[in-house]
Structures are given as structure tokens and as C-alpha cells.
Amino acid sequence: MSREISGLKPANPPVLPAPQKAEANPENSLEILPKKPRKHFRRGPPNLQIRAPGKDWKDDTQGDAKKREAPGDPHQEENTQRTVISWRGAMIEPEQGSELPSRKAEAPTKPSSLAARTRNQTVPPNFRQKGVIDIFLHAWKGYRKFAWGHDELKPVSRSFGEWFGLGLTLIDALDTMWILGLKKEFEEARNWVSKKLHFQKDVDVNLFESTIRILGGLLSAYHLSGDSLFLRKAEDFGNRLMPAFNTPSKIPYSDVNIGTGVAHPPRWTSDSSVAEVTSIQLEFRELSRLTGVKKFQEAVEEVTRHIHSLSGKKDGLVPMFINTHSGLFTHLGVFTLGARADSYYEYLLKQWIQGGKTDTRLLEDYVEAIEGVKTHLLRHSEPSKLTFVGELAHGRFVAKMDHLVCFLPGTLALGVHHGLPADHMELAQELMETCYQMNRQMETGLSPEIVHFNLYPKEGHQDVEVKPADRHNLLRPETVESLFYLYRLTGDHKYQDWGWEILQSFNTFTRVPSGGFSSINNVRDPHKPKPRDKMESFFLGETLKYLYLLFSDDLNLLSLDTYVFNTEAHPLPIWTPA
């Protein structure tokens, strides 16, 4: 299903050879931008508006008039091994001023106006956006051919992996396809959701990951397309997640069986991560707003109120774990903006924005946390004096920064856009430079999962050091996510140029010729990046979506005054007074 796209001529597209001798040949690289330019040229792409599918989708869960044969290899053996993926958690608080309907609505609340507004827009994508579309289609080609209806593509072995068994990549990519104007691909995916997506399955799902990817993906698809199929599926799924909240403290368990309704913590602990329990509020609150069923919002806001008043914080910074029985923080004294705590901070701000900026507790907690970051976690590296966010362990500073922390520049900039102090933007721009250098200083141009910064000058050393176990890249979105916000809110084209470099690096070092893109083991070896044989769903759901939006100069394309993105890049509407 590959397509030749005008303006992008991958006659010899960069590929990932077989794992035994994975070498990227710079001679065959897609020369769209000079490699690692020292000077950034300025390109002002033409305005773009969403090219949405032009068909009014019928409300049909039984089947579509036009039947399409489902792709995939029926002889493949299902790989049922489940692996824990990314942590992008964040805490959120309730919007007390956002009133819910007093009873279950007779009909769902109407989707956002974007659905109707975009149907007839035909402005073509610009040159860089065509590059994103080409890469998306190559990724989708691999998923459609080798992993259709399964959770994740394994592009090197041309097979698939299952985590929940719910078509995770397909659901995560629905709104991306809509935004990119991929009519055929969206319709085929919608047909699968209608006929094949069933939640009555004896399977455990992670509450956080399934909420941000599946529930968030379905709600966003509903808002963009206006198709009530997606809302019905979202409500069904939301109901099946509710047993997770049946704990002594009302802090939800990490896992729930969507078929049996049995929820439980991980086998090794009774704790949940703070990120897990505080990064589900945007989605559950929106589900209540759309359906008029209060229980979704009430459950997550009880969690928010509890954590708001909990002791154990340090100037707004929260520990990484919370016990589901006692409701108390555990593993006290360890503070990070990386894995297991990150999106707590993101969702403080975004809940406040989502609810129309009425709940001042959310804002106060967010601003206090940013001050806590400045006081305890900010340092400068040598020799370039890059500003970075480290970690605190029982009073000892650790110059370690997860790539996940690169969500922070974008979140800080978004806060300034909504009226927060200007010095937050200064910090955002400093951290954005650091996140770019985490990519730039690697031989592949792709950031590792974790870096350590040099606090003291070392002859012959860069600012960034990477331990062998941390050299992998999972196709994560955080750097390009923040580039999107920084470009959208400053208009500085260097952020587009930086994103363009990163897109090319993905294309050069992670592309698999038969279809798909693979995470890699070694960002420091451009000759043997060592593919890991896995394409995370967020590569289509987040990374490519943010790159496409980054390259658009149309500020009304998913306006930040109209939408707030969940931590899986699924846009949800900002609530307006009734």
C-alpha cells in the first residue's frame, strides 16, 4: 500500500537491514535536508487545513454496506507475550466549576465542531507534511500486512505482538489518519472497529495505558469524525475499567480484567504509580461530559482530591508510588519528572485548561510543582551549560534525565499561552534546546531513553553521557511534542527545522523495508543501530501526529484555544460554559 508522494522521492528509501547486519547506508539516505546542518534554514510552509474524509460515516455497528476483506496473514501465530511499555503518567484534579448533566443524556453530547468544519477543506499538505504522510503510510503498510487487528507490529520478523489484544495500534492511529486526510485508511480502520472491536474478553489491561490509548483514541475519533460508533465503544470500554476503582482507598488498581471485572495490583506490590492514577482524568471526565453518566468523572476526581491533600510532597513534587490500600505515598524521598511521575504534572495543567480554568487548586498545585522543579531539580551541564531536569533521591541530586521529561518544555509553553508567568516560557526554551541536544549529540540523531549530564568540565566530553543500558530509542514522541508547542506558540521556524532533522533520522535508522519502523537498541552506532523488532503504537498515535502538526503554519489546525491533548496526543475539546 505504498504511495508515491509528489515532492518526496524515496527512490532508494533508507532501510533497516536484517538484525545480523543492520547498517544504514548514508549514500542511500533520503536527502530532504542536509545532514546535521550547523545553520538552520528557514522554510515557511504554506498554510494547511485538515483534509478530512469526505464521507458521512453511518452509525452502523453491525456492518458496512461496502465490505472490505481484512488484511493480515491468517497463518501467523499470535505472540501473547505482554510487555510493559512506556510510562507517561500525570496527575489531574477535578474542575469543580464544570457542571455535568443531572441525568444520563437521551442522546450523546454533540462532538466538537471540527468534524463539520473540516469535511470540505482541500488545501493540500506542504512538502514537509508530505514527508510525514509518506512515513505514516510506510508504517501503516507494515501494520496492515503483518499485524492487522493486533496490538503492535514486529516489523523485522514481519509478525505481531499482543499486549491487550484490542488492536492498540489501530485505535491509537485513528485520529492521526483523520488529521492527515487518509480517507481510505481511516474508513478501513473504522470498519474494523465496527465489526471486530469487542471488549467482552478475559484479558487484563493496564488502567493507565488503556485509558490514554484506547479510551482517549476513541473519544478523539468521535470528536473529529462525528461518528457515534466511537462514543458507544468508548462508553462500553469505560464501564469495563470502573472495577479498578473498587479499592479500600479509592486509589485504583493498576490492572483490570475487562471481561470478568476483576481488578488487581501488580503481582509484586500493592502500589500503583502516581502517574497511573493521575493521568486518566482528562479521558474519564470527558466521557462523563459526553454521556451524562457521572460515575466516570466522580471516580477520577476523588483520586485527584485525595492526592491534592496528601502529605509526602516536597514543594509540590510527588513521590512515584501510592498504596492502593492505605492511600498513602510510598518510597518517600525520591522525586523525578521521568517515568512513573511525569504526566502527573502535565495533567494538573491540562485538567485546569480542559475545565475552562475554573479549578484554582489544579493551577496552584501545578505552579507550586514548577517552583519545586526550579528549586530542587534544575542544573546546568558542562561544557555548554545546558539546562536540564535531574532527580532527587533522599536529598542527593542525580544528574539523570529520562527522554520522557522532554514533555516539559511543551507543557510549560502551553501554560504561558493560558496566562502563566513569562519566565515559564524562558525555561521552556532552555529545556527545548537541551532535548534537541539529547538527539543531536547522538550519532544517529535520535535521543536515547535516558541520559546523564556532566556537571563538571571533562576534556573531550560532551554535555551528554549515555550508559550502555540506556542507548535504546523506542520511537518516542516527547521531543517532537514539545517542538510542536514551542513552534505553535513562538513562531520560531528553528523548531520546525529541528523536527525535520529528527524525522529524517527516524527514516534513516529505524525504517524497515517491508513496512513499519522499529525501535532500536543503540543510538550511538549509526552502522549497527540494532533494531528491537517493535513498533510502539505511540509512533503513529503521537510521534507522527505531532510532527505533522509541527510542520503546519495553520494555527487553527487543532487550535490550542479549542483543544487539549491527552498524554497520548489525542485531542479533546476544552469545555465551554453552557
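Heavy atoms only: backbone and side chains are in, while hydrogens, waters and symmetry mates are out. Everything numeric here is computed off the predicted structure, so don't read it as measured data.
By the 30° and 60° cut-offs, the orientation of the rings of H150 relative to F160 is parallel. Aromatic ring orientation, W498 versus Y436: parallel (interplanar angle below 30°, classes split at 30° and 60°). A perpendicular orientation is assigned to the rings of W500 and F551, their planes being inclined by more than 60° (bins at 30° and 60°). Using a 30° and 60° split on the angle between ring planes, W178 and F186 fall in the perpendicular class, above 60°. Note on ring orientation: taking the six-membered ring where Trp is involved, the planes of F484 and F565 are perpendicular (angle over 60°, cut-offs 30° and 60°).
The CG atom of N473 sits 5.0 Å away from the CG atom of L446 when rounded to the nearest 0.5 Å. Rounded to the nearest 0.5 angstrom, E162 CD and E152 CD are separated by 8.5 Å.
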Q: Show your reasoning for whether side-chain contact (heavy atoms from CB on, under 4.5 Å) applies to E276 and L207.
A: CA-CA 7 Å; E276 285 180 319; L207 173 66; over 6 Å; no
Q. Does the pair D134 and R511 meet the rule for a salt bridge (charged side-chain N to carboxylate O under 4.0 Å, His left out), with working shown?
A. CA-CA 12 Å; D134 178 72; R511 184 174 181 133; 3.7 Å; yes
Q: With salt bridge (charged side-chain N to carboxylate O under 4.0 Å, His left out) as the test, would you mind laying out the steps for R524 and D470 before giving the verdict?
A: CA-CA 11 Å; R524 306 233 67 164; D470 302 330; over 6 Å; no
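Taking the centre of each ring, F506 and F539 come in below the 6.0 Å mark. Checked against the 6.0 Å centroid threshold, H138 and F517 count as a close aromatic pair.
Side-chain contact check for R488 versus H417: every heavy-atom pair is 4.5 Å or farther apart. Side-chain contact between D172 and H570 is present, with heavy atoms from C-beta onward closer than 4.5 Å. Between K528 and N522 the shortest side-chain heavy-atom distance does not fall below 4.5 Å. Counting heavy atoms from C-beta on, the side chains of W148 and W192 come closer than 4.5 Å.
A side-chain contact (heavy atoms from CB on, under 4.5 Å) with V205 is found for exactly one of L241, L168, T211, I214, namely L241.
In summary, the side chains of N191 and E188 do not present any donor paired with an acceptor at a separation below 3.5 Å, with no hydrogens or angles considered. When only modelled atom types and interatomic distance are considered, Q354 and R285 share a side-chain donor-acceptor pair under 3.5 Å. For the residue pair E235/T291, the side-chain donor-acceptor check at 3.5 Å is not satisfied.
Contact check on R232 versus D236 returns no salt bridge, with no Lys/Arg side-chain nitrogen under 4.0 Å from an Asp/Glu carboxylate oxygen.
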